[in-house]
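Sequential numbering from 1 along the given sequence is applied to the chain's residues. Remember, it's 1-based here, ligands and their atoms both numbered in the order they're listed.
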Amino acid sequence: MKRFLICLSLLIFCIATSAAQAATIKLGVVTKPGSAQNIVAEKFKELIEQRSNGELEVKIFHSASLGNETEILQQIQLGTVELGVITSGPFDSFDPIVRVIDYPFLFKDHQQADQILDGPLGAEILTSLEGSGFKGLCFSENGFRNLTNSRKAVARPEDIEGLKIRVMSSALHKSIWQTLGANPTPMPWPIYTELEQKVIDGQENPLWVLEVYKFYEIQKYMTLTRHVYSAHIDVASLTWWKSLDENTRTLVQEAMCEAAKFQRSDNRAKNEARLALLKEKGMQVEEHPDIDAFRKQVADLKDIDLFSDPKVHDLLQKVLEQTR
Ligand code: EAX
């Protein structure tokens with residue numbers, strides 16, 4: 001009997017300690033539930049918790065509860081946050097190589113974006129991020145960005161003259177809008193209040209943002225510029241990554257890439273209905289702006305200083321060749 005009791009208490013002890021060992025992974029996103037980043041995060045959580053039999057637990061910090069995207073990236077670098085689903089724009093100040101994928105009018109469609117990002121050129125970007133403390137896992141998407149504003153219909157570059165446009169914290173995005181004649185104002189997410197109070201006239205983001213954040217209430221005009229295909233880079237803290245065993249790394253990598261693919265197709269499938277909804281809500285949409293004119297205006301950006309680093313320059317050349 002005594003033996004039995006000892007065995008039983010040992011068993012209970014083992015169960016209790018193994019339950020206590022369930023590691024909690026912190027995952028940061030800046031946007032709110034229902035947003036593109038959260039759809040990736042929630043899918044990842046579901047997959048990894050299922051596959052690790054409860055040994056890994058994911059806690060999603062959304063709605064900027066860890067700060068803006070730059071601040072989340074800093075915490076990932078430090079290792080105080082393990083994972084992030086972060087728009088590629090703000091990576092600009094950590095590693096200039098990401099400017100390559102935010103290059104204006106680079107990808108003609110989703111298929112081409114997938115082909116480059118899921119291929120060797122995308123892998124070069126993910127690997128390069130290790131130099132700044134990130135383990136790049138895969139690409140999910142924000143989507144093709146479109147211009148909106150509260151002042152006037154925009155169909156050509158000259159219509160943009162003087163518009164105060166909020167841009168992400170990215171030197172490239174600022175240059176794009178300067179070159180197009182706007183007055184670009186870098187500002188972290190979220191920006192509803194600034195738009196509402198007319199501190200800024202406009203912004204640029206994919207269709208889902210206008211629906212989820214109800215920008216149709218405060219932005220009358222939209223132009224389907226699709227000027228930048230905005231990826232999210234799904235990253236882990238390199239310090240944390242190095243502390244993981246091989247099995248856990250594989251689990252995390254596979255679950256994140258599956259979540260990314262799931263989210264990309266989910267996002268794309270919803271775009272048509274979103275456009276209809278935005279029109280129904282009263283937005284005036286310019287569906288056929290003079291894209292050639294916009295494209296011409298930014299054509300020399302590849303020669304500016306932001307692309308002077310030889311590694312960045314070479315990769316941009318390669319991507320431009322493959323997307324022509
Ligand atoms: O998804 O800051 C931005 O414009 C980003 O696209 C934001 O994460 C919304």
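Between F134 and F94, the two ring planes are perpendicular [angle over 60°; tilted spans 30° to 60°]. Below 30°, between 30° and 60°, or above 60°: for Y229 and F107 the angle between ring planes is above 60°, a perpendicular geometry.
Remark: among candidates E69, R166, K32, H232, the nearest residue to atom 2 (O) of ligand 1 is R166, based on non-hydrogen atoms. Heavy-atom proximity to atom 5 (C) of ligand 1, evaluated over T87, I86, I191, V29, is greatest for T87.
Nearest protein heavy-atom contact of atom 7 (C) of ligand 1 is W189 CD2, 3.8 Å.
Counted within 6.0 Å of NZ on K32, heavy atoms from surrounding residues, nucleotides or ligands total more than 12; the atom is thus considered enclosed.
Criterion: ILVMFWY side-chain heavy atoms under 4.5 Å apart, direct or through other members. Under it, F61 and L137 are not part of a common hydrophobic cluster.
Listed by atom number, the atoms of ligand 1 under 4.0 Å from W208 heavy atoms are 1 (O). The distance from ligand 1 to the heavy atoms of N205 drops below 4.0 Å at these ligand atoms: 3 (C), 4 (O), 5 (C), 6 (O), 9 (C). Shown in contact with Q37 at under 4.0 Å from a heavy atom are these atoms of ligand 1, numbered in order with element: 1 (O), 8 (O).
Between K45 and E57, no side-chain nitrogen of the basic residue sits less than 4.0 Å from a carboxylate oxygen of the acidic one, so the salt-bridge criterion is not met.
The residue from K261, R264, R268 that alone fulfils the salt bridge (Lys or Arg N to Asp or Glu O under 4.0 Å) condition with E141 is R268.
Ligand 1 does not have Q203 within reach: every non-hydrogen atom of the residue lies 4.0 Å or more from it.
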